[in-house]
Structures are given as C-alpha cells and as structure tokens.
Student: 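Take a look at the following structure, please.
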There are 2 protein chains.
Amino acid sequence: MPPETRRRGRPSGRTGTDLLDTARAVFLEHGYAGTTMDAIAARAQISKASLYREHPSKDALFAAIVRAWADAGRDAMRPHLQRLESAEDTREGLIALAEIMRAGILGREVLRMRRLVTSEAERLPEVAAAYLEDSWERNIRALAETLRALADRGRLRAPDPHLAAEQLTWLVIGAPLNRRLLAGTDDPDGHAAPVATAVDLFLAGYGPENGPLHA
Amino acid sequence: MPPETRRRGRPSGRTGTDLLDTARAVFLEHGYAGTTMDAIAARAQISKASLYREHPSKDALFAAIVRAWADAGRDAMRPHLQRLESAEDTREGLIALAEIMRAGILGREVLRMRRLVTSEAERLPEVAAAYLEDSWERNIRALAETLRALADRGRLRAPDPHLAAEQLTWLVIGAPLNRRLLAGTDDPDGHAAPVATAVDLFLAGYGPENGPLHA
DNA sequence: CCTACCGATCGGTAGG
DNA sequence: CCTACCGATCGGTAGG
C-alpha cells in the first residue's frame with residue numbers, strides 16, 4: 001500500500017482552511033444557535049476532540065470563520081474599480097460597477113453571512129467590527145479613491161469623495177438589501193429599481209457640470 | 001382583606017399586551033436562542049404553563065411580539081410628514097424629517113428588534129414579511145405620497161415619488177444603520193454625515209429647477 | 001394556575 | 001518517544 005493511501009500521521013479529515021469552509025457552510029445553513037459542534041465535526045470528517053483542538057470554543061471557531069471570510073473578500077472590488085477608472089463613459093462605468101456591487105452584496109452566501117454576523121454582533125462585537133471594517137469600510141474607501149481620481153480628471157465633482165462613495169453605495173443597494181434581509185430568500189427581486197436610477201441621482205449631484213452641491 | 005388586594009379570579013401576572021411587552025424586553029436582551037420560556041414566565045410573574053396557554057410555542061409568541069410591535073409603529077411618521085407638507089422651506093422641512101427618521105430607525109430598541117427579526121427571517125419568513133410591510137414599506141409609501149403632494153405644488157419634481165422616497169430614505173439612514181448593525185451598541189455615531197448632505201443630493205436631482213433627471 | 005418532570009441534545013472534556 | 005486522533009461520556013439546560 002503506497003504511503004499516500006495510508007496517510008500515516010496525517011489527519012484524514014478537513015483541517016485549516018478546508019475546515020473553516022466546511023464550518024461556514026454549516027453555520028450558513030442552520031444559523032449560529034442551530035449549528036452544533038457535532039454537525040461541524042461530522043461534516044468535516046474529524047472528531048469533535050480534533051475540532052476543539054483547532055478551535056477552543058464555538059465562538060472562537062465562528063470568529064475564525066468570519067475573519068477568513070472577510071479576508072477573502074478584501075479588495076474584491078479592486079478590478080472593477082480599475083475598469084471604472086478607465087471607462088470611456090463615466091455614467092456607463094458607474095452603472096456597470098453598481099450592477100456588480102448589487103449582485104455581490106445580494107448574493108445568497110453574502111446575505112446569509114451578513115445576517116449571521118449581525119445577529120451575533122452584540123455578543124461578539126469584535127467579530128462584527130472586523131467584518132464591518134474588512135468587507136465594508138475598506139471597499140467604501142477604495143471606491144472613494146476611485147471617485148477622487150475621476151474628479152481629478154474632471155469626470156466628476158466630488159468635494160468629499162468618501163461621502164459620495166457612501167451615498168452611491170446606499171442609493172444602489174439600500175432598498176433591495178433591506179428587502180432581501182427581511183423578506184424570505186425566495187424573492188427574485190422583480191420590482192427592484194434599475195441601478196441606473198441610482199447613478200442618475202448620484203450624477204445629478206456629482207456630475208462634472210451639475211448641481212448646487214458645488215455652488 | 002379588600003377585593004383589590006385579593007384580586008380573586010384575575011391573573012396576578014402580566015397577560016395580553018403587557019405580557020408581549022415583557023416578553024419583547026427579554027428577547028431584546030438575550031436574542032432569540034438566548035431567551036428561555038422560563039425567563040419570560042418569571043419576568044411576567046406567570047407560570048410557564050400559563051405562558052404556553054396564551055402562546056402555544058416560542059415561535060408563536062415571537063410572532064405575536066413582532067406583530068404587536070409593527071402594529072404600534074404603523075403610521076408613526078404621519079405627523080412628521082404633515083409638517084413637511086406644510087413647511088415654508090422645503091429643504092429645511094426635508095432636513096427636519098430626515099433627522100426624525102434617522103433618530104427613529106437608529107434607536108436602540110428599533111435596532112435590536114430589527115436584528116432579531118432579520119436573524120430569524122429564514123426560519124419565520126411570514127413574520128419578517130409582516131414586519132417589512134408594516135414598519136417599512138408602509139412608511140415609504142406614506143413618504144412617497146407626501147413627495148407627490150409637494151411635487152403637485154411645484155416644490156419638487158418627482159416623476160416617480162416612490163423611487164424618490166426610497167432614495168431619500170437610504171441616503172439618510174444607509175450608512176449609519178449599517179454601522180450600528182455591525183458595530184457594537186456603544187458607537188455614539190460621532191462620524192456620521194449630517195442629514196443635510198443627504199437632502200442636498202436628493203434636491204440636486206429632485207429640486208424644482210434642478211437636474212438632468214428631468215431632462 | 002403551579003410544581004415537577006420528560007426525552008433529547010447542547011458545548012466541552014475525560015482517559016487511553 | 002512523539003503527534004494525531006478516537007469512542008464515550010461529563011454536567012447542565014433546552015422547549016414542551
């Protein structure tokens with residue numbers, strides 16, 4: 001029997017990052033309280049004792065999952081921001097970006113992760129704070145830098161790029177995110193406003209030759 | 001012994017609406033999973049058996065609490081919308097309304113209730129849907145009607161008042177709501193943008209003589 | 001209306 | 001001898 005098959009001295013189940021992915025799936029399916037360490041261990045094909053040796057408690061495991069998730073999502077928007085920055089037509093570039101932001105934030109996994117972190121935010125404030133920073137504030141700042149760059153080239157007028165970035169973001173995702181968080185998962189979001197309506201209001205205030213925001 | 005003291009034939013603990021208020025407080029303190037029916041019964045000074053006679057399950061009790069809460073919050077914005085509609089200065093009227101919306105939605109109890117409903121939304125979709133309708137969609141529609149009335153009197157230009165109402169709402173509360181939901185409760189929201197920035201972007205698009213939204 | 005109690009299952013840890 | 005892992009079960013508590 002070849003040593004690869006025997007795997008002597010190597011764990012046969014998932015550990016490390018694989019374990020976190022598996023555990024995340026279980027948490028997303030059943031929620032925090034509904035998830036048992038037994039279920040996670042079973043899914044990962046390790047004993048509970050092994051699970052506890054890697055993560056000393058359920059809370060610690062959850063924190064590790066959120067950290068890994070937020071880490072993986074860091075700078076996820078970078079390439080799309082690059083495309084916006086070099087877009088011929090600023091309005092169309094903004095619409096394309098807005099479409100990607102909306103699809104990303106309203107994705108099932110992202111939505112469920114958000115619900116999970118939010119529901120435990122009071123009990124585990126440092127976990128929620130890290131999530132907020134890595135998967136939100138950081139991306140807002142990146143968008144703000146792109147808006148500043150566009151302003152520098154006369155494509156926009158944005159005296160406060162960070163504020164503008166927040167406003168654009170919430171114009172795009174506020175209503176559908178709220179609906180998805182509170183309505184069941186089944187809503188195909190048929191009656192969501194096109195992202196262009198958000199971009200047009202944004203440009204009414206921040207377009208290069210528009211608006212009393214710069215009076 | 002006077003009959004008021006004996007209270008013969010009357011339950012000595014809280015029932016009905018009082019019971020729902022008491023139970024809501026316990027849920028808000030400990031979250032759904034962290035709340036036990038024993039704790040609620042004790043706080044309400046009734047036996048667990050009595051509690052189960054009024055509400056056949058923990059889920060049913062929770063549903064009744066959310067329904068009562070959403071019901072109490074219905075039309076909470078009406079008087080403030082009246083004031084906006086008769087405001088001398090539209091911008092200042094919008095700012096005053098925005099201030100009230102923000103304060104209301106970011107209140108501790110409202111925020112905690114929102115977290116609670118959201119976290120159980122997948123398990124109890126009809127509860128979350130009722131909450132969304134009564135304490136959200138309904139208020140958006142009321143705001144939309146006010147905006148339409150202002151447009152009719154030439155104070156605004158709003159071809160789609162419902163869309164405009166949603167956009168104003170999320171410009172005002174999106175960023176601080178997100179931060180409060182994910183950050184601990186301690187944040188005094190020092191670095192929140194003034195509501196006037198939201199109103200000004202809104203007016204850049206919907207002001208009576210502004211913007212390419214009406215080109 | 002209450003005390004007492006149930007079947008089951010939880011997060012976490014023992015010895016080997 | 002070590003690291004990696006297991007079956008079995010602990011004390012407490014959940015909703016009903």
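Throughout, protein chains are lettered first and strands after them, A, B, ... in sequence-line order, and every chain is numbered starting at 1.
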Student: Within this structure, what is the CZ-to-P distance between A:Phe62 and C:dC10, rounded to whole angstrom?
Tutor: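 For the pair A:Phe62 CZ and C:dC10 P, the rounded distance is 18 Å.
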
Student: Over all strands shown, is A:Thr36 touching base, sugar-phosphate only, or nothing at heavy-atom distances under 4.0 angstrom?
Tutor: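 Result for A:Thr36 = sugar-phosphate.
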
Student: Measure the distance from NE2 on B:His55 to P on D:dG15 and round it to the nearest whole Å.
Tutor: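 Rounding to the nearest Å, NE2 of B:His55 and P of D:dG15 are 16 Å apart.
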
Student: How are the rings of B:Trp170 and B:Trp136 set relative to one another: parallel (under 30°), tilted (30 to 60°) or perpendicular (over 60°)?
Tutor: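 Ring orientation of B:Trp170 relative to B:Trp136: tilted.
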
Student: Which dot-bracket string fits DNA chain D when only Watson-Crick or G-U wobble pairs with both atom distances under 3.5 Å count, crossing pairs get [ ], and | stands for a partner on a different strand?
Tutor: .....|.|.||.|.||

Student: What distance, rounded to whole Å, do you find between the two C1' atoms, one in C:dG16 and one in D:dA4?
Tutor: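 Roughly 13 Å separates the two C1' atoms.
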
Student: Does this structure show an ion pair linking A:Arg148 with A:Glu85, if we count only N-O contacts that are shorter than 4.0 Å?
Tutor: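 Salt bridge between A:Arg148 and A:Glu85, a charged N being under 4.0 Å from a carboxylate O: no.
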
Student: Between atom NE2 in B:His30 and atom P in D:dA14, what is the gap in whole Å?
Tutor: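 Result: 11 Å.
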
Student: Between A:Ala49 and A:Thr35, name the one whose nearest nucleotide on DNA chain C is closer to the 5' end.
Tutor: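 First, find each residue's nearest nucleotide; the 5'-ward one identifies A:Thr35.
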
Student: Please give, in whole Å, the distance from C:dG15 P to A:Tyr52 OH?
Tutor: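 In whole Å, C:dG15 P lies 18 Å from A:Tyr52 OH.
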
Student: By nearest heavy atom, map A:Arg53 and A:Lys48 onto DNA chain D; which one lands nearer the 5' end?
Tutor: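 Whichever sits nearer the 5' end wins; that is A:Arg53.
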
Student: Quick check for you: among D:dC6, D:dG16, C:dC2, whose closest atom lies nearest to any side-chain atom of B:Ser47?
Tutor: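 When the side chain of B:Ser47 is considered, C:dC2 is the closest of D:dC6, D:dG16, C:dC2.
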
Student: Taking only the C1' atom of each, what is the distance from C:dG11 to D:dT9 in whole angstrom?
Tutor: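 Their C1' atoms lie roughly 13 Å apart.
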
Student: Are B:Arg112 and B:Glu29 ion-paired here, with the side-chain N under 4.0 Å from a carboxylate O?
Tutor: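 No salt bridge links B:Arg112 with B:Glu29.
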
Student: Whole Å only: how far is the CD atom of A:Gln45 from the P atom of D:dA4?
Tutor: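 After rounding, the gap between these two atoms is 19 Å.
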
Student: Quick one: list whatever passes salt bridge (Lys or Arg N to Asp or Glu O under 4.0 Å) with A:Arg141, sequence neighbours left out.
Tutor: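 With neighbours one apart ignored, the set is A:Glu133.
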
Student: Separation of B:Asp38 atom CG from C:dT3 atom P, in whole Å?
Tutor: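 For the pair B:Asp38 CG and C:dT3 P, the rounded distance is 11 Å.
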
Student: Applying side chain to side chain contact (heavy atoms under 4.5 Å, CB included), name anything that partners B:Asn139, two or more places apart in sequence or on another chain.
Tutor: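 With sequence neighbours excluded, B:Asn139 shows a side chain to side chain contact (heavy atoms under 4.5 Å, CB included) to B:Met77, given in chain and number order.
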
Student: Any salt bridge between A:Glu122 and B:Arg115, counting N to O under 4.0 Å?
Tutor: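 Yes, this pair counts.
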
Student: Quick check for you: among D:dC6, C:dG11, D:dG15, whose closest atom lies nearest to any side-chain atom of A:Lys58?
Tutor: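 Between D:dC6, C:dG11, D:dG15, the one nearest the side chain of A:Lys58 would be C:dG11.
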
Student: Quickly work out the A:Glu54 CD to D:dT3 C1' distance and round it to whole Å.
Tutor: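 Going from CD in A:Glu54 over to C1' in D:dT3 covers 14 Å.
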
Student: Under 4.0 Å between a side-chain nitrogen and a carboxylate oxygen: does that hold for A:Asp59 and A:Arg123?
Tutor: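 Yes.
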
Student: Nearest whole Å is fine: how far is D:dG15 C1' from B:Ile40 CD1?
Tutor: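 Atom CD1 in B:Ile40 sits about 11 Å away from atom C1' in D:dG15.
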
Student: So, is A:Ser57 near the phosphate of C:dG11, with a side-chain N or O under 4.0 Å from OP1 or OP2?
Tutor: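 Checking C:dG11 against A:Ser57, no side-chain N or O comes under 4.0 Å of OP1 or OP2.
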
